[in-house]
Amino acid sequence: ELKVEQNPLFLSMQEGKNYTIYCNYSTTSDRLYWYRQDPGKSLESLFVLLSNGAVKQEGRLMASLDTKARLSTLHITAAVHDLSATYFCAVEQYAGTYKYIFGTGTRLKVLA
Amino acid sequence: DTGVSQDPRHKITKRGQNVTFRCDPISEHNRLYWYRQTLGQGPEFLTYFQNEAQLEKSRLLSNRFSAERPKGSFSTLEIQRTEQGDSAMYLCASSGLRKTGNTIYFGEGSWLTVV
């Protein structure tokens, strides 16, 4: 059974600082997704990583995928308050049907 | 707005009552998913449709839960004889366009509170 773990679960950081969120998963997969969720809201797609070595960047966020290590990272550069949210990674599993297994999320709070 | 709509957005019901949620996916998407999310947790997979066929159901989905997708368009999720443990946000998502790959797009969710 595919398991997806994120760490840290909670992250409080000062504006302007850099930090990395980690997503580890237990079985082989070539596709990984990152989502953002604001309190009381649904999930917003951030990045789609489709192969080993994939790197995507949008603004202050950069995501990468290492399928051999079964690891994805979400790097935050020079954090701003607007990035405060919960971030989820989701691993695609295909066994006849497509299924997406989510991590437990990283709750990020950026302090002014 | 992702284009996936859910109704109702909030529902408060008494224990033992039945509730039904509706999801209208992005029109060209052939795949539709239902997830459940409780506070502080990630979304948990419940069930998956490809067109009108329900291809997979989670072990989490007890026999009080049933989902349908008639004609491969909108979907409904019904919970019978609700229990307090059913209180959660029920998320619908869809995918399936070639240009967006397998990215799943979520609706705003339907919050269920069982009192």
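Note that the coordinates shown come from a computational prediction; the quantities given were computed from them, not determined experimentally. In what follows, chains carry the letters A, B, and so on, assigned in the order in which the sequence lines appear, proteins first and then strands, with residues in each chain numbered from 1.
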- Query: Ile104(B) versus chain A, heavy atoms under 4.5 Å apart: side chain, backbone, both or neither?
  - Reply: both
- Item | Which portion of Gln6(B) sits near chain A, non-hydrogen atoms under 4.5 angstrom | neither
- Query: Do Trp34(A) and Ser72(A) have a side chain donor and acceptor closer than 3.5 Å?
  - Reply: yes
- Item | Within 45° cone of Phe45(B) ring axis and under 6.0 Å: Lys99(A) NZ or CZ | yes
- Residue pair Asp82(A) / Arg36(A): nearest heavy atoms and the distance that separates them: O-NH2, 2.8 Å
- Query: Which one of Glu92(A), Arg107(A), Lys41(A) has the most heavy-atom pairs closer than 4.5 Å to chain B?
  - Reply: Glu92(A)
- Under a 4.5 Å heavy-atom cut-off, does chain A meet the side chain of Gln50(B), its backbone, both or neither? neither
- Query: Does a donor on one side chain and an acceptor on the other come within less than 3.5 Å for Ser95(B) and His29(B)?
  - Reply: no
- Task: Check whether Ser45(A) gets within reach of chain B through its side chain, its backbone, both or neither, counting any heavy atom under 4.5 Å.
- Result: side chain
- Sole candidate of Tyr35(A), Tyr25(A), Tyr87(A), Tyr33(A) that passes ring pair (Phe, Tyr, Trp, His ring centres under 6.0 Å) when paired with Phe102(A): Tyr35(A)
- Query: Checking Phe88(A) against chain B: side chain, backbone, both or neither under 4.5 Å from a heavy atom?
  - Reply: side chain
- Item | Proximity breakdown for Gln37(A) and chain B, heavy-atom pairs closer than 4.5 Å | side chain
- Item | Modelled atom types, side-chain donor and acceptor of Glu56(B) and Thr97(A), under 3.5 Å | yes
